[in-house]
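Excluded from the calculations below are hydrogen atoms, water molecules and symmetry mates; all remaining heavy atoms, backbone and side chain alike, are included. First listed ligand is number 1; within each ligand, the first listed atom is number 1. One is the number of the first residue; the rest follow in order along the sequence. What you see is a predicted model; the values in this text were computed from it and never measured.
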Amino acid sequence: MQVPFVSLSPLHEPLRMDIHKEVDRLLNRSDFILGESVTAFEQSFAIYCDSMYCIGVSNGLDALKIALRALDIGAGDEVIVPANTYIASLFAVIEAGATPVLADPDAGTYNITAETINPLLTSRTKAIMPVHLYGQSCDMDPIMQLATAHGLYVVEDNAQAQGAVYRGKKTGSFGHINATSFYPSKNLGALGDAGAITTNDQSLYRQAALLRNMGSAQKYYHDVAGYNARMDTIQAAILRIKLAHLDKWNAERQRLAARYLNNLKDSSVILPVTMTGAAHVYHLFVIRHERRDELQAYLTESGIQTLIHYPVAPHLQPALRRFGWVEGQFPITEQISRTCLSLPLWVGMTNEQVDYVSEKIIAFTHR
Ligand SMILES: *Cc1c(COP(=O)(O)O)cnc(C)c1O
């Protein structure tokens, strides 16, 4: 049996006609830039995220960078970011001109917590960027309390957790201004690059909307030096179709994850743990094993494709050498990166495929 890491076709196939119709409508309207579909998607996504405002943008990195710039975060400011995240979270801080300060995560949930953040606060700390890694919300109440106590902003990186819930509220609605990515393989993906910002603050909304579009609210009048970070109308039209199915798709991810968890409950692999009060949407199903590389090779030989999120932690990447981080500085992150393995999990994956992957993992651990 062949099991690819991800296949997007089963998810898109039933939507093919709807997508064709939307593209046809767009060709007739010719409103290719910030057209009616962008506004319509922004309204739907704001409601979906329990937020007042949404700004559609070009990608997740730009969404994070503009969120920070809207808060006037820049040179001389420190932003606390997880050490265990996709490197774009750090790039956004650097592109805004600020300095990323890394927090090792909790060893159980892989997310940063108020306890791991607290010792890192300095007089230069301006914001905390919780990343809801692999699809599980951070423990937001203590993080928001810590931020309030110290007068800090919170910017959620919600790229991996669209639709995740923490104590009855969606991720992307807790921070002062929040960002997400619609990279095609995210839980809600475009057919190309796209991203979004969500906020409940009208002045941050206005500022982020200016920054997205050349610093301009009225054509040829520029209030600030902005970016071209607009969401394509065609992506907004497609995202709007797909958003209507997101809850159903997340429920299917949760069903497949529950099947893995049950199949592997007596095995020696470390399984993902969901915190009470949180609903995990399994952007990734990440297990851990001491002989990870051997396990991955064994699964590859069995026709099962897996990935590692992430093989080299951001603090050890050549791109960030100038910050002077060294090996051993973030032990939990390094331990995760040495032992983690992401299993195939996608909408349309069959029970037989989940069971086959599980059997092969159990067979490996008995060798
Ligand atoms: C995907 C991702 C991003 C970046 O999104 P792009 O749209 O690819 O720029 C940022 N942070 C996290 C945690 C991500 O997973």
**Prompt:** Are the aromatic ring centres of Tyr166 and Phe174 under 6.0 angstrom apart?
**Reply:** yes
Would you check whether [X] has a nitrogen or oxygen atom less than 3.5 angstrom from a nitrogen or oxygen atom of ligand 1?
X	result
Thr85	no
Tyr310	no
Gly60	yes

Among protein heavy atoms, which sits nearest to [atom], and what does the distance come to when rounded to 0.1 Å?
atom	answer
atom 4 (C) of ligand 1	Ala88 CB, 3.8 Å
atom 8 (O) of ligand 1	Tyr183 CD1, 3.9 Å
atom 15 (O) of ligand 1	Lys186 NZ, 2.7 Å

**Message:** Below a 4.0 angstrom heavy-atom separation, can you tell me which part of Asp157, side chain or backbone, both or neither, approaches ligand 1?
**Reply:**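 For Asp157, the contact with ligand 1 is made by the side chain alone.
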**Asked** Using a heavy-atom cut-off of under 4.0 Å, does the side chain or the backbone of Leu61 touch ligand 1, or both, or neither?
**Response**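 It is both backbone and side chain that touch ligand 1.
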**Message:** With rounding to the nearest 0.5 angstrom, report the NE2 to CG distance, His245 to Asn250.
**Reply:**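 Answer rounded to 0.5 Å: 13.0 Å.
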**Message:** With rounding to the nearest 0.5 angstrom, report the OG1 to CG distance, Thr171 to Asn158.
**Reply:** 3.5 Å
**Atoms in ligand 1 with a heavy atom of Val131 nearer than 4.0 Å** =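 By the 4.0 Å cutoff, the relevant atoms are 13 (C).
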**Prompt:** What residue pairs, at least two apart or across chains, pass side chain to side chain donor-acceptor pair (under 3.5 Å) with a residue in residues 81-106?
**Reply:** Lys65-Glu95, Thr85-Ser89, Ser89-Asp157, Asp104-Thr333, Asp106-Thr109
**Message:** I need the full list of side chain to side chain donor-acceptor pair (under 3.5 Å) pairs touching residues 358-367, with sequence neighbours left out, sorted by first then second residue.
**Reply:**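 Passing the test, one end in residues 358-367: Asn263-Ser358.
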**Prompt:** So with a 6.0 Å cut-off around OH of Tyr227, is the heavy-atom count from everything else above 12?
**Reply:** yes
**Message:** Hydrogens and angles aside, do His315 and Glu334 bring a side-chain donor and acceptor to less than 3.5 Å of each other?
**Reply:** yes
